[in-house]
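To start, the structure under review is shown below, and the notes come after it.
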Amino acid sequence: MLLYGNIRYNYMNHISKLPEIETNIFTKMSVLANTHNAINLSQGFPNFKSDDKLIDLVSNAMASGHNQYAPMAGSMELREAIANKFDVMYGTSYHPESEITVTAGATQAIYTIISAFIRPDDEVLVFKPAYDCYEPAIAINGGKTISMQLKTPDYAIDWENVKEKLSSKTKMIIVNTPHNPSGTILSEEDLLQLQEITDGTNIIVLSDEVYEHIVFDGEKHKSVCLYEGLKSRSFITASFGKTFHNTGWKVGYCCAPRELMEEFKKVHQFNVFCVNHPMQKGLAEYLKKTEHYLELSGFYQEKRDLFLSLIKNSRFCFKPSKGTYFQVLDYSKITDEYDVDFARRLTIENKIASIPLSVFNDEDIDYSVLRFCFAKTDDTLKRAADILNEI
């Protein structure tokens, strides 16, 4: 109890449900970048604006009065546009009424999926390095993360090792392709292995595919929906923010078979209920032109190629990213510093911010690599390259 004047304040004692969670690395590095006026290639957001046509469509939806609650699962026009996108890209279908839900970004979708299915002591297999929203959602629902560390530079999955990690308690496997933070992609062989391993089980697959439209060098994104055995047990999560350069809008969606989606909606309706209505209207109209998402890989490959060509003579080593808008750079020829320390020093002294990968690894394993975001203007990438070439 604290006493201020004649007022007594009582503070409750409580036990944190996430005692080890601190401010995430993205916030830390962005704050550091802002404080030291550094070029921010850390947090994954573009520094160029969305298409004016999309902004106009959303503005028109607002002006037309679509400013009240949207249907809980999302506007029907947008769900139908999403269903059409799956037909165009993958030759498969999800029913817009029962198998698609619009979400407040992919992170909300992931949290809701885990909340809908993971009970105390259920095990969830997570491949490391892993995006940082998976494990807290598992923990807060009483589940246990079973981690499998992938090794640089290929980050390949050892499927025999996966089999060894599965048990009668395994409820879910989380996969992410294209992969953040490594920039790698899963192959058809990977997905066939996953399908074989989960066949005849009650394991749910959560497939984080937010960078599905950003795959390079003529490769095709291998979605779990392409494999019937996987599709029947899988959720796919996706992000319009990543696709259309508007991460601040926080609009995404997820797809799954009817029986899985019914359980998802039970949680979704009490989590956010529904998502920004005028943005859904604008996105539904914008998706009618397939070039708005089919041409994205070419756009970002030009960004990747420019960035790598500009730093080819630097002391950093790299394998070109296969997907996402992130590039991992190996700095082992420069210093043996811990990656978090090196990332901080680069931000403060050299004025360029990145993300250290050890924070996503099992037991903070350090492979001397940093992640840089190349979803930036050409001018920003050129200024960033000038700095990296001097290190």
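A quick note: this is a predicted structure, and the numbers were derived from the prediction, not measured.
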Say you draw a straight line from [atom1] of [X] to [atom2] of [Y]; how long is it, rounded to the nearest 0.5 Å?
X    : Y    : atom1 : atom2 : result
L41  : M29  : CG    : CE    : 10.5 Å
D52  : L57  : CG    : CG    : 11.0 Å
F235 : C225 : CZ    : SG    : 14.5 Å
D339 : D366 : CG    : CG    : 4.0 Å
L357 : K128 : CG    : NZ    : 12.0 Å
S321 : L329 : OG    : CG    : 10.5 Å

Q | side-chain contact (heavy atoms from CB on, under 4.5 Å) evaluation trace for K165 with M148 | A | CA-CA 8 Å; K165 288 182 176 289; M148 179 173 171; 3.9 Å; yes
Hey, are [X] and [Y] close enough for a salt bridge, meaning a charged N less than 4.0 Å from a carboxylate O?
X    : Y    : answer
R304 : D217 : yes
E160 : K163 : yes
R345 : E337 : yes
D386 : K382 : no

Side-chain donor/acceptor of [X] to backbone N/O of [Y], under 3.5 Å:
X    : Y    : value
H95  : E97  : yes
H36  : N350 : no
T112 : A109 : no
Y325 : G44  : yes
N84  : E80  : no
Q327 : K319 : yes
N34  : S30  : yes
R315 : K333 : yes
D330 : V369 : no
R119 : G143 : no

**Q.** Test applied, side chain to side chain donor-acceptor pair (under 3.5 Å); reference residue, Y90; option that passes from K231, K220, E212
**A.** E212
Q. When you look at Q108 and H268, which way does the side chain to side chain donor-acceptor pair (under 3.5 Å) test go after all the steps?
A. CA-CA 9 Å; Q108 182 250 311; H268 174 78; 3.1 Å; yes
Just so I know, are the side chains of [X] and [Y] near enough to count as touching, which here means a heavy-atom distance under 4.5 Å?
X    : Y    : answer
T184 : D154 : no
Y331 : L346 : no
P46  : Y300 : yes
I185 : T177 : yes
F48  : T380 : no
K49  : H245 : no
E99  : R79  : no
P96  : M76  : yes

If I compare all heavy atoms of [X] with all of [Y], which pair ends up nearest, and what's the gap?
X    : Y    : result
S115 : N141 : OG-ND2, 3.2 Å
T377 : N47  : N-OD1, 2.8 Å
H221 : V215 : CB-CG2, 3.9 Å
G183 : T324 : CA-OG1, 3.8 Å
M89  : L294 : CG-CD2, 4.1 Å
M172 : I113 : CE-CG2, 4.0 Å

Consider only side-chain heavy atoms of I, L, V, M, F, W and Y, link residues closer than 4.5 Å, and tell whether [X] and [Y] are in one cluster.
X    : Y    : value
I100 : V205 : yes
V210 : F326 : yes
I173 : I236 : yes
F342 : I311 : yes
F360 : I110 : yes

Q: Take D51 and Y286 through the test side chain to side chain donor-acceptor pair (under 3.5 Å) and record every step on the way to the result.
A: CA-CA 10 Å; D51 188 347; Y286 194 69; 2.8 Å; yes
Q) Can S368 and D336 be said to form a side chain to side chain donor-acceptor pair (under 3.5 Å), step by step? A) CA-CA 7 Å; S368 298; D336 59 2; over 6 Å; no
Q) Between F318 and F374, does the ring centroid distance fall short of 6.0 Å? A)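 So the answer is no for these two rings.
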Q | Y211 ring center near F216 ring center (under 6.0 Å) | A | no
Q | Given K288, K281, Q280, the one that forms side chain to side chain contact (heavy atoms under 4.5 Å, CB included) with E77 | A | K281
Q: Show your reasoning for whether side-chain contact (heavy atoms from CB on, under 4.5 Å) applies to Y253 and L78.
A: CA-CA 10 Å; Y253 61 90; L78 182 53; over 6 Å; no
Q. Is there a side chain to side chain donor-acceptor pair (under 3.5 Å) between Y134 and D208 once you walk through the steps?
A. CA-CA 10 Å; Y134 304 154; D208 180 352; 2.6 Å; yes
**Q.** Y367 and N361 side chains, donor-acceptor separation under 3.5 Å
**A.**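 Note: N361 and Y367 side chains miss the donor-acceptor criterion.
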Q. Do you see a donor-acceptor pair shorter than 3.5 Å between the side chains of S187 and E189?
A. no
Would the number of heavy atoms belonging to other residues, nucleotides or ligands and lying under 6.0 Å from [atom1] of [X] be above 12?
X    : atom1 : answer
D379 : CG    : yes
E363 : CD    : no
E291 : CD    : yes

Q | Plane angle bin for Y293 and H213 - parallel if under 30°, tilted between 30 and 60°, otherwise perpendicular | A |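 Ring orientation of H213 relative to Y293: tilted.
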(Q) One pair to check against side-chain contact (heavy atoms from CB on, under 4.5 Å): R233 and T201. What are the steps and the verdict? (A) CA-CA 9 Å; R233 67 175 65 252; T201 73; 3.5 Å; yes
Q: Applying side-chain contact (heavy atoms from CB on, under 4.5 Å), run through V267 and Y111 and close with a yes or a no.
A: CA-CA 10 Å; V267 178; Y111 185 88; over 6 Å; no
